[in-house]
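All chains are named by letter (A, B, ...) in the order of the sequence lines, taking the proteins before the strands, and each is independently numbered beginning at 1.
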Amino acid sequence: MINITFPDGATRQYEAGVTANQIALSISEGLARNILAAEVDGQVIDVSRPILADTTIKLLTWNDPEGKATFWHSSAHLMAEALEVLYPGTKFGIGPAIEMGFYYDVDFGDRQFSSDDFERIENKMLELAKTKSEYVRKSISKAEAVDYFTEKGDEYKLDLIKDLQDGSITFYTQGNFTDLCRGPHIPHTGFIKAVKLMNVAGAYWRGDETRKQLTRIYGVTFSKQSELTDYLQLLEEAKRRDHRKLGKELELFTFSEKVGLGLPLWLPKGTALREKLIHFLQRAQVKSGYEQVATPHIGHKNLYITSGHYEKYGADSFQPIKTPQEGEEFFLKPMNCPHHCEIYKSKPRSYKDLPVRYAEFGTVYRYEQSGELHGLTRVRGFTQDDAHLFCRPDQVKEEFKKVIDLVLYVFNALGFEDYTAQVSLRDPDNKAKYIGSDENWHLAEMAIIEAANEKNMSTIVEYGEAAFYGPKLDFMVKDALGRKWQLGTIQVDYNLPERFELDYTGSDNMKHRPVMIHRAPFGSLERFIAVLIEHCAGQFPLWLAPEQFIILPISDKYEDYAKKVLESINNADIRGLIDSRDEKIGRKIRDAEVKKIPYMLIIGEKEMSEGLISVRRHGKGDIGSMAIGEFKDQLIKEITV
RNA sequence: GCCGAUGUAGCUCAGUGGUAGAGUACUUCCUUGGUAAGGAAGAGGUCAUGGGUUCAAGUCCCAUCAUUGGCUCCA
């Protein structure tokens, strides 16, 4: 008998060789029907694998991420089987599960393939799923594996086998399809009840652009048709919220081929939104002891040679601008920190002066590859809400905490309530690739971890994810649809102070090197606004709405009263307008609703004679009539919340 | 940069090798109205660009450009 321990700490006894499936059955029939895989001692295995010794077990179902991954990985095999039936001679690369579904990289040879073929494949997959073919695992020697795929003529699988150790190789077979695979898999194909192939894309074999490009087919599967329907609805909703679509509809920004790729043009309403965000953050920063600085859009080549950016990212910058006489080279600035370092150097610094905090909404330009550009989230010119903090090593933790406060304040104010923070540390096994002393790294890493802990943040720690110049803390927010976005970042930097030979005079009257902290709560305004648009579906909180209210007169007879109302409400923080068009009130309301203007003020005979306004809230409808002053107080209250 | 898809009116999109279309927005006129689209008329086009096939190309072929889904990269 062996002891099996469950996640809740309970222990049960089973005969050695028991399978996860049998264990599930011993708990309940329902569980046995739904179990997809099992995690045994931290390793995910097939439910049919015998368990020989005492161990901990977690039975995985659709509700576990690992269960989903197993389900989708098995679905990739099912798709491969369907492809082999429909397109004989197809060669297979890799077919993993991904965050939402799976893909398989395949080589169709000379065959043309497009999304028109999806339906055939989906139908074939469902047909094969109905056979409830078991996924059968088989250990196999390297020689046998090589023979199998040599005969099949699949050079990709042979390439994969080359790197595998003899003795560790397994095949999985379902129906007539056998694949090299380490597993695990779901019990049989019958679990797969709903299939949707999503898109097709090119992908280099092993991500290497010198190798052959394969066809990558993305798909997603579910065990219930209704789950697929829900998922497709979510995608529809995401499409509806797409910032590129809303940006056009709400007249926030546009792009022009003539101006250039990836260079957003901010329209008046989008600019209003930008300005409000900038002022909001500036106010918060002034409170936190930041000073605003301003630097030019270009910098001398030598600046970037000093900073090291030229060597590392010169090719990803726009090519240099030359002065006509001297032929000196300038780069459009790809970041603000070198400029800020020079500001730090503009005068001698004492330890008493630190920390120094320089903030700038600096517009930077980076040459992103054309295929990379995407709406506002990937552009070639964008504005960072950048700041650089120069502090003593003993101040790093305290400064870090203050920055965390600022970032969280910003997220909360903008309605991003669900966030996680990733602490990115050095790869402990490869310290050589990082710059800076062990002592400083240790200090900085501990400072970040302690700062995050003291702020009670839920953090994930990733080793080897640090920048070469220092550890960092990245903030990921979840938007209203549950999608994750990386926004703010805080980074500790030992490299630039070194390269720019920054120093300060300590209490010991000796020169010391300051530590630099880079931070950007928004990341970039462009990207942040894109995420914000999608998060709130274009319905901005009142204080950010480009147009906060609109007055809708019943007819032109009330135009004068409308103007009076507008004048008495408008001030520095609240701006509205009048819809004076010769349209009926229903039409004016509809148009204002479509434009997502938060408040509509309807005025006609009744309101004018009583000196009131009828108020309508976007998405809610009529909320009754009130005095102008009362409405104004309500707006101010809503804005300051 | 590479692979796939797409490109028709300001916007959203129909269009079968044979005279360029709709809805909406826009302009003018009528209408003066009560909580999500009042009526009429008008104007608006190098069918992305350049080649080719054809008696004839928005439609078929090739190239280029842009958009888009991916790949690669991301200070």
Side-chain angles (χ1 to χ4, degrees), chain A residues 98 103 105 107-108 112-117 198-218 242 244-245 248-249 251 254-258 260-262 304 307-317 333-338 364 366-375 377-380 384 386 467-470 472 486 489 491 493 495-496 518 520 523-524 527 552-559 581-595 600-607 614-625:
Chain A
I98 52 175
Y103 67 78
D105 284 346
D107 182 352
F108 285 115
Q112 280 292 312
F113 184 85
S114 80
S115 49
D116 298 339
D117 299 287
M198 303 306 293
N199 49 44
V200 54
Y204 297 108
W205 174 235
R206 306 206 132 178
D208 179 347
E209 62 183 300
T210 63
R211 304 214 211 191
K212 186 160 180 192
Q213 188 152 27
L214 307 182
T215 305
R216 175 169 297 180
I217 305 172
Y218 287 86
D242 190 315
R244 293 167 299 182
K245 181 174 173 312
K248 198 182 262 180
E249 283 172 9
E251 299 181 355
T254 188
F255 288 90
S256 152
E257 273 184 41
K258 259 202 176 121
L261 304 187
Y304 301 109
S307 71
H309 292 114
Y310 178 76
E311 191 191 357
K312 221 167 158 60
Y313 299 107
D316 298 329
S317 297
K333 74 174 169 191
M335 36 188 7
N336 303 301
C337 27
V364 297
R366 297 176 185 177
Y367 175 76
E368 303 284 356
Q369 294 188 54
S370 60
E372 255 322 291
L373 302 172
H374 177 92
T377 58
R378 284 305 288 272
V379 287
R380 285 179 171 171
Q384 293 180 313
D386 213 355
F468 73 94
Y469 51 76
K472 59 181 183 171
Q486 200 211 301
T489 179
Q491 312 183 350
D493 184 353
N495 178 43
L496 284 183
H518 307 244
S524 92
R527 188 180 160 78
L552 311 177
I554 298 287
S555 84
D556 55 14
K557 283 189 264 179
Y558 314 107
E559 187 75 17
R581 292 176 306 162
D582 177 16
E583 291 291 350
K584 287 186 164 179
I585 194 64
R587 179 52 179 273
K588 290 185 182 181
I589 287 169
R590 186 192 141 76
D591 288 348
E593 289 282 355
V594 168
K595 282 154 88 179
M600 288 150 270
L601 312 182
I602 292 147
I603 58 178
E605 190 58 41
K606 190 166 138 259
E607 289 76 13
S614 263
V615 184
R616 207 189 139 91
R617 176 85 223 220
H618 167 75
K620 285 207 183 103
D622 196 354
I623 57 173
S625 60

Would you mind classifying the nucleic acid contact of A:Gly586 as base, sugar-phosphate or nothing, using non-hydrogen atoms under 4.0 angstrom?
sugar-phosphate

Check step by step if salt bridge (charged side-chain N to carboxylate O under 4.0 Å, His left out) holds for A:Lys588 and A:Glu583.
CA-CA 7 Å; A:Lys588 290 185 182 181; A:Glu583 291 291 350; over 6 Å; no

Watson-Crick or G-U wobble partner of B:G1, both distances under 3.5 Å
B:C71

Considering only atom P, compute the distance from B:G39 to B:U24 and round it to an integer number of Å.
9 Å

Scan A:Phe255 against the nucleic acid and name what it touches under 4.0 Å (heavy atoms): base, sugar-phosphate only, or nothing.
nothing

Classify A:Ser307 by what it touches in the nucleic acid, base, sugar-phosphate, or nothing, heavy-atom distance under 4.0 Å.
nothing

Looking for any heavy atom pair under 4.0 Å, which part of the strands does A:Arg617 touch: base, sugar-phosphate only, or nothing?
nothing

Just checking A:Leu214: base, sugar-phosphate only, or nothing, at a heavy-atom cut-off of under 4.0 Å?
nothing

OP1 or OP2 of B:U12 sitting under 4.0 Å from any side-chain N/O of A:Lys248?
yes

Just checking A:Tyr103: base, sugar-phosphate only, or nothing, at a heavy-atom cut-off of under 4.0 Å?
nothing

Once you apply a heavy-atom cut-off of 4.0 Å, does A:Lys588 come out as touching a base, just sugar-phosphate, or nothing?
nothing

Carefully, step by step, assess A:Lys595 and A:Glu251 under the rule salt bridge (charged side-chain N to carboxylate O under 4.0 Å, His left out).
CA-CA 9 Å; A:Lys595 282 154 88 179; A:Glu251 299 181 355; over 6 Å; no

Taking the same atom, C1', in B:G58 and in B:G15, what whole-Å distance lies between them?
8 Å

Looking only at atom C1', what distance separates B:G21 and B:A5, rounded to whole Å?
25 Å

Pairwise C1' distance, B:U54 and B:G17 [rounded to whole Å]:
9 Å

Base, sugar-phosphate, or nothing: which does A:Arg616 touch, judged by heavy atoms less than 4.0 Å apart?
base

Could you tell me the Watson-Crick or G-U partner of B:A14, where both distances fall under 3.5 Å? Say none if there is no partner.
none

Does A:His374 put a side-chain nitrogen or oxygen below 4.0 Å from OP1 or OP2 of B:U67?
no

Would you classify A:Glu251 as touching base, sugar-phosphate or nothing, given that sugar-phosphate means primed atoms plus P, OP1 and OP2, and contacts are heavy atoms under 4.0 Å?
nothing

Can you see whether A:Ser524 engages A:Gln384 through a side-chain donor-acceptor pair at a distance of less than 3.5 angstrom?
no

Is it true that the side chains of A:Glu311 and A:Tyr304 contain a donor and an acceptor less than 3.5 Å apart?
no

